[in-house]
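Structure first, commentary second.
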Amino acid sequence: MLLVLVAIVVLVLASVRNLFAVVVLSGIYSFLMATVMVALDAVDVAMTEAAVGAGISTVLLLGALHLCKSEEAKPTHRPWLPLSLSLATGVLLIYGAMGLPDFADPQAPIHQHVVPRYLQNEVQVPNVVTAVLASFRGYDTLGETTVVFTAGAGVIALLRRRKPRKGGEEGRG
Amino acid sequence: MTKDLLLRVIGKLLIPFILLFALYVMFHGDYGPGGGFQAGVIFAAGIVFYALIFGMDNARKVMPDWLVEILLAAGVLLYIGVGLAGLLLGGNFLDYFVLDADPIHGQHRGIFWVELGVMITVCGVMLKIFYMFASRGRG
């Protein structure tokens, strides 16, 4: 049922020309995906999806929309090549997914490798996701935080207004 | 600033709870769903909500640009600081077991500070990107 809704939203998204409607629809899409994540018991991911996908990125897209026209221009060529490429990728992914173990199968290889040790929970934090993220995979999370920081620094470097200093010296970026 | 009375009243009612919920997600992340990233995003979303309703100038009074830029870097530095603290106390980099006499407490302490670092950086970055985008439209 949820996936049908997601499919409908995506089809409408692809066909709508008004960019405001596109932004609103992508917010709806994010909320639907967040609900899918809740249905899959991944509440942490659902919170992130709802807050980032539906909240902040919608606001950012609206801000970007403020700077440009609100109607998408007519495409100059037929989208057969991108369409066939994405269809081929989709078929390939479905074919690959058919080889995966069943959903929530305890015998799946991913549940046999390091997961038993994670679930023994030697750090005794009730939320295993937090334990894995911050403790077992602390290096990963440090890297992710650095990536987020780098993204912010990149935006500052690109968008900061340059104020010319006195004496003709150009301000730093 | 919007003139819409409904939005302003609802916003004033909801924003404290959004910020409180962010802190709850942060400090309760060991026990329930959530953690630093989610908390930072929710906190930033609360401020963005405030900025949408009451205008950028008011939001800049609450979270000035210099503060946001400090937050941006402070989180990563806090994270690395926790790692170095483990190093100084005789463990490996990002080793939390040595942060307290009781290893389990040390783990909890390490996770807490690390998650706080993630929250601060994520919140700073989200706000900074929003400020940058929002202030571009005016010029």
Side-chain angles (χ1 to χ4, degrees), chain A residues 38 41-68 121-161, chain B residues 22 25 28-42 44-45 48-49 51-52 68-69 72-73 75-76 78-80 82-83 86 93-97 103-104 106-108 110-115 117-118 120-122 124-130 132-137 139:
Chain A
V38 173
D41 276 345
V43 191
D44 295 72
V45 188
M47 280 166 97
T48 314
E49 178 69 40
V52 179
I56 291 185
S57 64
T58 305
V59 171
L60 289 183
L61 284 175
L62 284 178
L65 202 57
H66 187 60
L67 300 175
C68 62
N121 213 341
E122 60 194 278
V123 302
Q124 291 182 11
V125 170
N127 183 1
V128 185
V129 178
T130 302
V132 171
L133 267 183
S135 183
F136 292 107
R137 299 203 171 167
Y139 278 80
D140 269 13
T141 311
L142 175 60
E144 283 164 19
T145 314
T146 316
V147 166
V148 172
F149 166 75
T150 315
V155 168
I156 293 178
L158 284 173
L159 291 186
R160 168 164 286 175
R161 297 243 176 87
Chain B
V25 167
H28 206 254
D30 291 5
Y31 304 97
F37 191 88
Q38 288 88 343
V41 171
I42 294 173
V48 168
F49 190 30
L52 287 180
V68 173
E69 279 173 25
L72 199 84
V76 182
L78 178 62
Y79 202 131
I80 297 174
V82 174
F93 186 65
L94 286 176
D95 188 349
Y96 308 146
F97 282 119
I104 299 294
Q107 278 287 340
H108 288 195
I111 289 176
F112 171 78
W113 286 107
V114 157
E115 292 274 3
V118 175
I120 291 173
T121 288
V122 168
V125 168
M126 293 292 166
L127 278 179
K128 189 67 204 174
I129 295 177
F130 171 69
M132 283 290 180
F133 271 59
S135 56
R136 246 178 108 75

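Numbered from 1 within each chain, the chains take letters A, B, ... in sequence-line order.
Taking CZ of B/Phe37 as the start and CD of A/Glu144 as the end, the distance is 8.5 Å to the nearest 0.5 Å. Here B/Ile120 contributes atom CD1 and A/Phe149 contributes atom CZ; the two are 13.5 Å apart, rounded to the nearest 0.5 Å. Atoms CG and CD, from A/Asp44 and B/Gln38 in turn, are 5.0 Å apart once rounded to the nearest 0.5 Å.
At a 4.5 Å heavy-atom cutoff, the contact between B/Val25 and chain A is made by side-chain atoms alone. The contact between B/Val118 and chain A is made by backbone and side chain atoms together, counting heavy-atom distances below 4.5 Å. With a threshold of 4.5 angstrom between heavy atoms, B/Phe93 approaches chain A through its backbone and through its side chain. Interface residue A/Ile56: only side-chain heavy atoms are found under 4.5 Å from chain B. In this structure, the portion of B/Val48 lying under 4.5 Å from any heavy atom of chain A is its side chain and not its backbone. For a residue to count as touching a neighbouring chain, one of its non-hydrogen atoms must lie under 4.5 Å from one of that chain's; by this rule A/Val59 touches chain B with the side chain only. Using a 4.5 Å cut-off between heavy atoms, B/Phe130 contacts chain A through both its backbone and its side chain.
Contacts with chain B were tallied for A/Val148, A/Leu142, A/Val52; A/Leu142 has the most, counting heavy-atom pairs under 4.5 Å.
Residues B/Glu69 and A/Ile156 come closest through the heavy atom pair CG-CD1, 4.2 Å. Taking all atoms of both residues into account, the shortest heavy-atom contact from A/Ala51 to B/Val41 is CB-CG1, 3.3 Å.
For the pair B/Lys128/A/Val155, no side-chain contact is recorded, criterion being any heavy-atom separation below 4.5 Å from C-beta on. Residues B/Glu115 and A/Thr141 are not in side-chain contact: their nearest non-hydrogen atoms beyond the backbone lie 4.5 Å or more apart. Between B/Tyr79 and A/Thr146 the shortest side-chain heavy-atom distance does not fall below 4.5 Å.
Residues forming a ring-ring contact (aromatic ring centres under 6.0 Å, His included) with B/Phe112 (at least two apart in sequence, or on another chain): B/Phe27.
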